[in-house]
Number of protein chains: 2
Amino acid sequence: MTAGEVFARRGFRDATVREISTLAGANLAAVNYHFGDKKGLYSAVIACGLTSGEAFPPAEFAIEAPAEEKLRAYCRAFVRKILDHRKPEWHSKLMAREMAEPTEALDEMVEMMIRPHWERLSGIVSEILGVATSPELVRVATRSITAQMVFFVHARPVLERLFPGEPWSPASIDERGDEVAAFSLAALDTLRRSGGTR
Amino acid sequence: MTAGEVFARRGFRDATVREISTLAGANLAAVNYHFGDKKGLYSAVIACGLTSGEAFPPAEFAIEAPAEEKLRAYCRAFVRKILDHRKPEWHSKLMAREMAEPTEALDEMVEMMIRPHWERLSGIVSEILGVATSPELVRVATRSITAQMVFFVHARPVLERLFPGEPWSPASIDERGDEVAAFSLAALDTLRRSGGTR
DNA sequence: AATCGTTTGAAACATCCGTTTGATTCGCCG
DNA sequence: CGGCGAATCAAACGGATGTTTCAAACGATT
């Protein structure tokens, strides 16, 4: 769908049906014929994005690997998924847009994409911190790790202005994921010792 | 300015001059008379937000306090500033919007608001990690801490759906800031030992 | 080949938005 | 009071957008 790119780039309101249809090589009325109206097209795009979300995390997750290694792999894969601009760039952009400016599609989005991610990451965190850790601490840590990663998407224009010249190439994207993992593992290491049980 | 609220709530495009003027009790043409056009009004709102930004961080920063305590106070103050909805809620919302969907106003915004914050926080982080720490590590840590805090603004709709019933009252807002500080201090504690110098 | 339901096409329609206009009112100084 | 610039108001203009319309092209079935 080329409509996804336009929606991701311009937002729901700024995206015009005319631009989408001409960019897709289709007629203007085709949109209303197939999807009813503009909102129907948007819902279809969201649904497409939800189902096309390839299995995540990828197969590189050996269940027998130490939890720390799992977290590193998870961070790297997650950051790469939301930052790599090769395949479906609009996917994560649309999600970021929905977060800041939610429509009715956000509810479904949370349940089908975000909550599974959260549960997965939460499991890894709990594994690192130990089973005796309070659920609140696990949730706080999961939230902090997630925040560091989505920050690259949400604040990218700011980061580009704060540190111009910083590369956003696929190679350095992996570095960003590793940095998040390193910072988070450092935090979890201390938390496991001090506040593990209460 | 009631225009700021509308711009923050609807975004630049979705905000209509009609809604702003009627909500402000003024006439429609008054906007164009005083500000030239819609973009002029937006610039005025941004400028207002930039100058009305009260001195931050507040006076509670005793320069003789230990750096860890400074970070705690900073996180608490920052989260309170961007989340507390009593005074100028639209302020942070507008900033979050500019981040995800930048206009020409973002450049000025970064230099006048965000970079000072960054330098301040960066100084505290450097103080905690020690002078021998590499600038890259300081920057990564500063970025991670900032990410955790602005996450509350950027992903608030998602968090509300992930964990419904969670309070966002001023009292629990301070808890959120403390959680960020605790997680970050835990990370810095480990990083200071292991990767402090290289 | 004829027919009928489905899809595409260009143009028009209705609505909303930002902006302009011209008349009117207000505030003030002489 | 009278005059004058500034501010306000209702109304209208031009443009853009989502949607509709209706005719033309298509494709499978008989």
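From a predicted model like this one, the values you see are computed outputs, not experimental measurements. Within every chain, numbering begins at 1; the chains are lettered A, B, ... in the order of the sequence lines, protein sequences first and strands thereafter.
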How long is the line joining CZ of Phe35(A) and P of dT19(D), in whole Å? 13 Å
Let me know, please, whether Arg13(A) or Gly25(A) comes out on the 5' side of the other along DNA chain C by nearest nucleotide. Gly25(A)
Per nearest nucleotide of DNA chain D, the residue lying toward the 5' end, Arg18(A) or Arg18(B), is Arg18(B)
Mind calculating the distance between CG (Asp37(B)) and P (dT21(C)) to the nearest angstrom? 14 Å
Go through dT19(D), dT19(C), dT8(C) for me and flag the one nearest to the Tyr33(A) side chain. dT8(C)
Whole-Å distance separating the NE2 atom of His34(A) from the C1' atom of dT8(C): 8 Å
If we only count heavy atoms from C-beta on, is the Pro157(B) to Leu106(A) side-chain gap below 4.5 Å? yes
Let's see if you can work this out: which of dC17(C), dT20(C), dG18(D) has an atom nearest to the side-chain heavy atoms of Asn32(B)? dT20(C)
Judged by nearest nucleotide, the residue sitting upstream toward the 5' end of DNA chain D, Lys38(A) or Ala26(B), is Ala26(B)
Rounded to whole Å, please give me the gap between CG in Leu28(A) and P in dC22(D). 17 Å
So, are Glu179(A) and Arg139(B) salt-bridged, with charged N and O less than 4.0 Å apart? no
So Glu68(A) and Arg72(A), salt bridge (charged side-chain N to carboxylate O under 4.0 Å, His left out) or not? Walk me through it. CA-CA 6 Å; Glu68(A) 284 81 4; Arg72(A) 247 186 293 268; over 6 Å; no
Establish, with yes or no, whether the OP1 or OP2 oxygen of dT7(C) is under 4.0 angstrom from a side-chain nitrogen or oxygen of Asn27(A). no
What is the distance from CG of Asp14(B) to P of dA16(D), rounded to the nearest Å? 18 Å
May I ask you to establish whether Lys38(A) and Phe7(A) are in a cation-pi arrangement, using a distance under 6.0 Å from NZ or CZ to the six-membered ring centre and at most 45° from the ring axis? no
With sugar-phosphate meaning primed atoms plus P, OP1 and OP2, does Ala30(B) contact a base, only sugar-phosphate, or nothing at under 4.0 Å between heavy atoms? nothing
